[in-house]
Amino acid sequence: MSSPLPKTAAVGAGSDEPEAALRADRQRRAFLRMMSHELRTPLNSIIGFSDILSGEPNGPLGAPQYREYVEIIRTSGHRLLSMVNAALEIIRLESGGADLEQQTIALDDLVEEMIQAVAGEARMRELRIEFTPPTSTVLVIGDTRALKMVVEQLLQNAMTWSPPGTAIRVRVLEEKGLVRLEIADEGPGVEPLELKRLMLPFEQGEDALSRRGEGAGLGWPLVRLLVREMAGEFQIDPGLGRGLIARVTLRSAA
């Protein structure tokens, strides 16, 4: 006759829950540290050296194709680094580790800076980014790093789904103590019923085997979480068949 199981084996799961939660939190933090070093460090080297090569400081690279290859390496490195940063940020936000500094930010200046940051990729994709700055500085309350990530992710999404030769239109509007940022593309848009699913990490538009756009499905979930942390609102006008509009509404600091 077999001996009975120890009592702790039958009922111990409940008593171990706090310890398990702490252990999971420690593992998550360790994962973040490892990802930060093991992925960001080599990516920064790839991007840095490709930047140097594209400037040809020690003489011409030779055939024109080499300059094209260097630009592809640089652009791909930036895209992969952005994806890594997005994944890490989502993990941090969902685990309650956000550390945003609320301050007054000139949104129009920040938007122009981020448009310049992606201008090279837009040219490679044969896209125009049209932004008419407001007549006066538009101030919002938010976190500078978070806002840069929001604008970058929305521009990247718009570029991913915009057909060559089309325009991405960016506007900054003020109304009733609020500021709204709009980024509109001329892509296929999305089914309204798909919006809820696409706000979850790693969910992507179209079927995974036949989709045209690249990306890991991190852009909108990250934007949603960051905007929420800044007490703002993120909305999508799905624009099926006519291009969608991404809207971020923040508190005005004026």
Go through the steps for Ile73 and Phe49 under the test side-chain contact (heavy atoms from CB on, under 4.5 Å), then give the verdict.
CA-CA 10 Å; Ile73 293 170; Phe49 282 113; over 6 Å; no

Going through the checks in order, is the salt bridge (charged side-chain N to carboxylate O under 4.0 Å, His left out) test met by Glu233 and Arg247?
CA-CA 8 Å; Glu233 186 177 10; Arg247 294 187 177 92; over 6 Å; no

Could you tell me if the side chain of Val190 sits less than 4.5 Å from the side chain of Trp161, heavy atoms only?
no

Salt bridge (charged side-chain N to carboxylate O under 4.0 Å, His left out) partners of Glu126, counting only residues at least two apart
none

Search all heavy atoms of Leu110 against all heavy atoms of Val151 and return the closest pair with its distance.
CD2-CG2, 3.8 Å

Report yes if some heavy atom in the side chain of Gln103 is under 4.5 Å from a heavy atom in the side chain of Ile141; otherwise report no.
no

Distance check, rounded to the nearest 0.5 Å: Leu240 atom CG versus Leu193 atom CG?
10.5 Å

Using the rule that Ile, Leu, Val, Met, Phe, Trp and Tyr join whenever any side-chain heavy atoms are under 4.5 Å apart, tell me whether Ile47 and Leu61 fall into a single cluster.
no

Once you round to the nearest 0.5 Å, how far does CG of Leu154 lie from CD1 of Ile183?
4.5 Å

Can you tell me how far the CD1 atom of Ile46 sits from the NE2 atom of His78, to the nearest 0.5 Å?
11.5 Å

Do Asp51 and Arg74 come within less than 4.5 Å of each other through their side chains, counting heavy atoms only?
yes

State, with a plain yes or no, whether a side-chain heavy atom of Glu152 is found less than 4.5 Å away from one of Gln156.
yes

Single-linkage hydrophobic cluster Val150~Ile245, side-chain heavy atoms < 4.5 angstrom:
no

Close side-chain approach of Thr249 and Val179, heavy atoms under 4.5 Å:
no

Flag the pair Glu68 / Ile72 as yes when at least one side-chain heavy-atom distance between them is below 4.5 Å, and no otherwise.
yes

To the nearest 0.5 Å, how far apart are CG in Leu225 and CD in Glu229?
7.5 Å

Just wondering, more than 12 heavy atoms not from Arg123 lying within 6.0 Å of its CZ?
no

Nearest heavy atoms of Asp143 and Met230, plus distance in Å:
N-SD, 3.3 Å

Over all atoms of both residues, closest heavy-atom pair of Gly77 and Leu43
O-CD2, 4.0 Å

Quick one: do Arg125 and Glu121 make a salt bridge, cutoff under 4.0 Å?
yes

Evaluate Val140 against Leu147 for side-chain contact (heavy atoms from CB on, under 4.5 Å), listing each step before the verdict.
CA-CA 10 Å; Val140 298; Leu147 262 179; 3.9 Å; yes

Looking at side-chain heavy atoms only, is the closest gap between Thr137 and Leu139 below 4.5 Å?
yes

Shortest non-hydrogen contact between Leu222 and Met149, atoms and distance
CD2-CE, 3.7 Å

So Glu186 and Arg242, side-chain contact (heavy atoms from CB on, under 4.5 Å) or not? Walk me through it.
CA-CA 6 Å; Glu186 298 179 32; Arg242 55 180 171 81; over 6 Å; no

List the atom pairs, donor and acceptor, that lie under 3.5 Å between side-chain atoms in residues 170-177 and the rest of the protein, sequence neighbours left out.
residue: Arg171; atom: NE; partner: Glu182; partner atom: OE1; Å: 3.3
residue: Arg171; atom: NH2; partner: Glu182; partner atom: OE1; Å: 2.8
residue: Glu175; atom: OE2; partner: Arg180; partner atom: NH1; Å: 3.0

Side-chain heavy atoms nearer than 4.5 Å, only ILVMFWY residues, links allowed to pass through others: does that put Val118 and Val70 together?
no

Measure the CD-OG1 distance between Glu130 and Thr132 for me, rounded to the nearest 0.5 Å.
7.5 Å

Looking at side-chain heavy atoms only, is the closest gap between Gln102 and Arg251 below 4.5 Å?
yes

Heavy-atom pair with the smallest gap, counting every atom of Pro60 and Glu56
CA-OE2, 3.7 Å

Transitively linked via ILVMFWY side-chain contacts under 4.5 Å: Leu53 with Leu80?
no

What are the two closest non-hydrogen atoms of Phe131 and Asp108, and how far apart are they?
CE2-O, 3.9 Å

To the closest 0.5 Å, what do you measure between CD (Glu71) and OG (Ser54)?
6.5 Å

Check whether any side-chain N or O of Thr166 sits under 3.5 Å from a backbone N or O of Pro163 as a donor-acceptor pair, and report yes or no.
yes

Trace of the side-chain contact (heavy atoms from CB on, under 4.5 Å) decision for Leu178 with Ser252
CA-CA 5 Å; Leu178 299 173; Ser252 173; 5.8 Å; no

